[in-house]
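Model, not experiment: these values are computed from the prediction. Ligands are counted one by one from 1 in listed order, and the atoms in each one are counted from 1 as well.
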Amino acid sequence: MRIVIALGGNAMTSKDGRARVEDQQVAIAEACEHVADLVAAGHDVLLTHGNGPQVGNLLLKNELAAAEVPPVPLDWCDASTQATIGVTVMDALDAALAVRGVDKRTATLVSRTLVDVDDPGFDNPTKPIGRHLSREDAQVLIDHGQRFVEVEGKGWRRVVASPEPRECLDAPAADRLLGDGFVVVCSGGGGIPTVRRADGTLAGVEAVIDKDLTAALIAAHVTADVLVIATDVEAAVTGYGTDHARPIGEVTAAEMRRIAAEQHFPAGSMGPKVEAVTRFAERAHRPGVITSLAHIADAVEGRAGTRVVPD
Ligand code: ADP
Ligand code: MG
């Protein structure tokens, strides 16, 4: 099978959310053990991943150094984290595959995701990123062109657009590499947000793209047989956080739309995962699964997780 796996934050930082270099290496090594099992079983795998904590660290460096070194744009931070996470995954997977005697190589693509220039998010950026700052510290960055909003009692926080991903521009390269037998790491952090200018040229933009929604796109582009959203819970549940929480097993896309309409899935966590697997089932007519890292092999076989199947 051709499998696309989206790794969540917990696969790249320690349990308490710390993102020191060694925390990331340890978490990624653990995630790669599970991925290597799938590769060893003969599957073709494309990995994508989040980058929230890593970009958060870079933004903090930008902020602390802004008076000395010009801050780099968010799309550059995405590119940097695709590279650092990619190389960490490559080292970990190479090691895990060698132990299993599997002769397969991993390749990471610095990859862009097209968004609409006129996405409503750009006029009204709502996605808060980075730390809360004092008015004075925020002003340095506002002078560099960044948008900030005041959060009552907490200070000033940067806001950026969260546009809808439209196209994985580097999907053809990912498809080729997969076809040539590489394990591919691609579209990390949802891909580098990119717009097409009126003259047809491409340019990076400062925005945050949801990695789960991009995962659904790239999975469709490479005609994956299944999309797996790997997170820190075994399944999505109804009644989350209540004493009548119930895991959702296999449902059709239409059934999942009905459940989602009942507000079980918050926008900042489970919402985009449910949206991603449902879109994949609707548009690519293949199953999408939400589960924990430890269950990805079972989930691929249809024995674990929340599985959304085409209607
Ligand atoms: P990741 O970092 O892996 O992308 P998130 O932390 O954004 O994932 O989202 C996963 C989290 O969503 C779970 O750890 C859980 O706490 C939370 N969550 C919210 N609503 C639900 C739900 N209905 N079912 C399961 N988990 C939920
Ligand atoms: Mg998380």
Side-chain angles (χ1 to χ4, degrees), residues 3-19 23-24 26-35 46-57 78 81-82 85 88-89 113 126-129 162 165 185-191 208-219 227-251 253 255-280 288-296 299 304-308:
I3 305 169
V4 168
I5 304 172
L7 300 175
N10 62 300
M12 278 167 304
T13 52
S14 67
K15 300 264 182 289
D16 60 7
R18 294 176 73 167
D23 297 324
Q24 298 187 48
V26 166
I28 286 174
E30 192 186 322
C32 285
E33 291 292 322
H34 299 290
V35 175
L46 182 149
L47 285 176
T48 186
H49 57 81
N51 66 352
Q54 291 81 1
V55 166
N57 283 352
D78 280 323
T81 60
Q82 283 185 347
I85 294 168
T88 311
V89 169
T113 298
T126 52
K127 175 89 184 170
I129 56 168
S162 185
V185 183
C186 166
S187 300
V208 167
I209 303 180
D210 185 88
K211 72 115 184 7
D212 295 313
L213 298 183
T214 298
L217 263 190
I218 189 77
L227 165 65
V228 181
I229 307 282
T231 183
D232 55 355
V233 287
E234 196 183 325
V237 302
T238 53
Y240 179 72
T242 68
D243 52 15
H244 52 271
R246 285 194 50 196
I248 303 165
E250 182 170 310
V251 292
E255 281 165 349
M256 192 51 125
R257 290 269 173 226
R258 272 194 296 279
I259 299 169
E262 293 166 6
Q263 318 290 328
H264 292 286
F265 313 121
S269 56
M270 193 47 74
K273 298 181 195 310
V274 166
E275 179 64 29
V277 289
T278 307
R279 279 186 193 179
F280 184 68
V289 197
I290 300 166
T291 195
S292 59
L293 262 175
H295 289 92
I296 54 179
T306 294
R307 187 181 189 87
V308 180

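- Using a 4.0 Å cut-off between a side-chain N of Lys or Arg and a carboxylate O of Asp or Glu, Arg257 and Glu262 do not qualify as a salt bridge.
- Shown in contact with Ala236 at under 4.0 Å from a heavy atom are these atoms of ligand 1, numbered in order with element: 24 (N), 25 (C).
- Looking at ligand 1, you'll find an N or O of Val237 within less than 3.5 Å of one of its N or O atoms.
- When each atom of ligand 1 is checked for a heavy atom of Lys211 under 4.0 Å away, the hits are 4 (O).
- Considering backbone and side-chain atoms alike, Asp212 places every N or O at 3.5 Å or more from each N or O of ligand 1.
- In this structure, NE2 in His295 is found 15.0 Å from CD1 in Ile290, a value given to the nearest 0.5 Å.
- With a 4.0 Å heavy-atom cut-off, ligand 1 is reached by the backbone of Ala235 but not by any atom from C-beta on.
- The distance from the CG atom of Leu46 to the CD1 atom of Ile5 is 9.0 Å, given to the nearest 0.5 Å.
- In this view, Glu234 satisfies the side chain to side chain donor-acceptor pair (under 3.5 Å) rule with no residue, not counting sequence neighbours.
- For ligand 1 and Thr231, the ligand atoms under 4.0 Å from any heavy atom of the residue are 1 (P), 3 (O), 8 (O), 10 (C).
- Within the 4.0 Å heavy-atom cutoff, Pro266 counts among the residues contacting ligand 1.
- Numbered from 1 in the order shown, with element, the atoms of ligand 1 that lie under 4.0 Å from a heavy atom of Gly268 read 7 (O).
- Close approach of ligand 1 to Lys273 is summarised as follows: ligand atoms under 4.0 Å from at least one heavy atom of the residue are 1 (P), 3 (O), 4 (O), 5 (P), 8 (O), 9 (O), 10 (C).
- To the nearest 0.5 angstrom, Asp212 atom CG is 4.0 Å from Lys273 atom NZ.
- The distance from atom OG1 of Thr306 to atom CD1 of Ile248, rounded to the nearest 0.5 Å, is 5.0 Å.
- For ligand 1, none of its N or O atoms has an N or O atom of Gly8 under 3.5 Å away.
- Here is the list of ligand 1 atoms found below 4.0 Å of a heavy atom in Phe265: 23 (N).
- With Thr48 contributing its side chain and Cys186 its backbone, the two residues share a donor-acceptor pair below 3.5 Å.
- The side chain to side chain donor-acceptor pair (under 3.5 Å) test applied to Ser162 returns no partner, not counting sequence neighbours.
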